[in-house]
2 protein chains.
Amino acid sequence: MSTSPSPASVLREQLARNLRAARQHAGLTQEQLAERSGLHQTYLSDIERGKRNVTLDVVERLAAALSVAPLALLAD
Amino acid sequence: MSTSPSPASVLREQLARNLRAARQHAGLTQEQLAERSGLHQTYLSDIERGKRNVTLDVVERLAAALSVAPLALLAD
DNA sequence: ATGTAGACTTAAGTCGACC
DNA sequence: AGGTCGACTTAAGTCTACA
């Protein structure tokens with residue numbers, strides 16, 4: 001039943017895209033970003049694939065680790 | 001180890017301010033917004049006081065209920 | 001009409017192992 | 001180097017009641 005139960009969280013998708021782009025632009029691997037942000041590599045993998053509904057605190061930690069504005073990770 | 005207890009979650013504070021402003025601008029009570037968003041009044045109270053670390057899905061539901069862009073609730 | 005408290009269920013977030 | 005699978009702990013989010 002892949003009738004997509006939830007409206008496909010826009011912000012979650014944006015974060016997935018922007019995070020991966022920002023990380024790669026910074027020349028970091030998921031493991032390196034995991035170290036810097038204090039989050040786990042497995043978790044970052046999920047986020048970059050849009051599988052996780054992260055909290056605002058996590059968005060901030062990622063933004064800080066990448067030296068970008070938090071909103072930049074959520075923008076269109 | 002850091003003298004700051006908690007990094008003072010910027011996004012959380014922004015959301016608190018913007019949510020209350022947007023809700024009042026729409027002429028809604030917390031209870032009415034609770035109905036529209038499917039969230040609870042007690043929870044909205046906490047969010048508007050910056051006490052809760054909400055997820056992206058909740059931000060979207062609030063934005064939808066208020067007919068504003070999700071990023072508008074997080075902006076400075 | 002809002003804020004707070006407490007008990008509760010579910011998912012966020014951690015971690016090690018592996019492909 | 002990234003993805004996936006589980007098992008686990010903690011906090012997000014629900015709900016009732018009351019000042």
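Each chain gets a letter, A, B and so on, in the order its sequence line appears, and its residues count up from 1.
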Heavy atoms from other residues, nucleotides or ligands near CZ of B/Arg36 exceed 12 (cutoff 6.0 Å):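 No, because the 6.0 Å sphere around CZ of B/Arg36 holds 12 heavy atoms or fewer from other groups.
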Would you say the base of D/dG3 and the side-chain of A/Arg49 have a donor-acceptor pair closer than 3.5 Å?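 For A/Arg49, whose side chain was compared with the base of D/dG3, there is no donor-acceptor pair (under 3.5 Å).
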Do A/Thr42 and D/dC5 have a side chain to base donor-acceptor pair shorter than 3.5 Å? no
So what does [X] touch, heavy atoms closer than 4.0 Å: a base, only the sugar-phosphate, or nothing?
{"X": "B/Asn53", "answer": "sugar-phosphate"}
{"X": "B/Thr29", "answer": "sugar-phosphate"}
{"X": "A/Gln41", "answer": "base"}
{"X": "B/Glu31", "answer": "base"}
{"X": "A/Thr55", "answer": "sugar-phosphate"}
{"X": "B/Leu39", "answer": "sugar-phosphate"}

To the nearest Å, give me how far apart [atom1] ([X]) and [atom2] ([N]) are.
{"X": "A/Asp57", "N": "C/dT14", "atom1": "CG", "atom2": "P", "value": "11 Å"}
{"X": "B/Lys51", "N": "C/dG3", "atom1": "NZ", "atom2": "P", "value": "10 Å"}
{"X": "B/Arg12", "N": "D/dA11", "atom1": "CZ", "atom2": "P", "value": "11 Å"}
{"X": "B/Glu35", "N": "C/dA1", "atom1": "CD", "atom2": "C1'", "value": "14 Å"}
{"X": "B/Leu33", "N": "C/dG3", "atom1": "CG", "atom2": "P", "value": "13 Å"}
{"X": "A/Leu44", "N": "D/dG3", "atom1": "CG", "atom2": "C1'", "value": "12 Å"}
{"X": "A/Asp46", "N": "D/dG6", "atom1": "CG", "atom2": "C1'", "value": "13 Å"}
{"X": "B/Leu28", "N": "C/dT2", "atom1": "CG", "atom2": "C1'", "value": "15 Å"}

Flag, side chain of [X] to backbone of [Y], donor-acceptor distance under 3.5 Å:
{"X": "A/Gln32", "Y": "A/Thr29", "result": "yes"}
{"X": "A/Asp76", "Y": "A/Gln14", "result": "no"}
{"X": "B/Asn18", "Y": "B/Ala75", "result": "yes"}
{"X": "A/Ser45", "Y": "A/Gln41", "result": "no"}

Which nucleotide in C/dG3, D/dA12, C/dA12 has an atom nearest any side-chain atom of B/Gln30: C/dG3
Is the distance from OP1 or OP2 of [N] to the nearest side-chain N or O of [X] less than 4.0 Å?
{"X": "B/His40", "N": "D/dC15", "answer": "yes"}
{"X": "A/Arg52", "N": "C/dT14", "answer": "no"}
{"X": "B/Arg20", "N": "C/dG3", "answer": "yes"}
{"X": "A/Arg23", "N": "D/dG2", "answer": "yes"}

Would you call B/Arg23 and B/Glu48 a salt bridge, using N to O less than 4.0 angstrom? yes
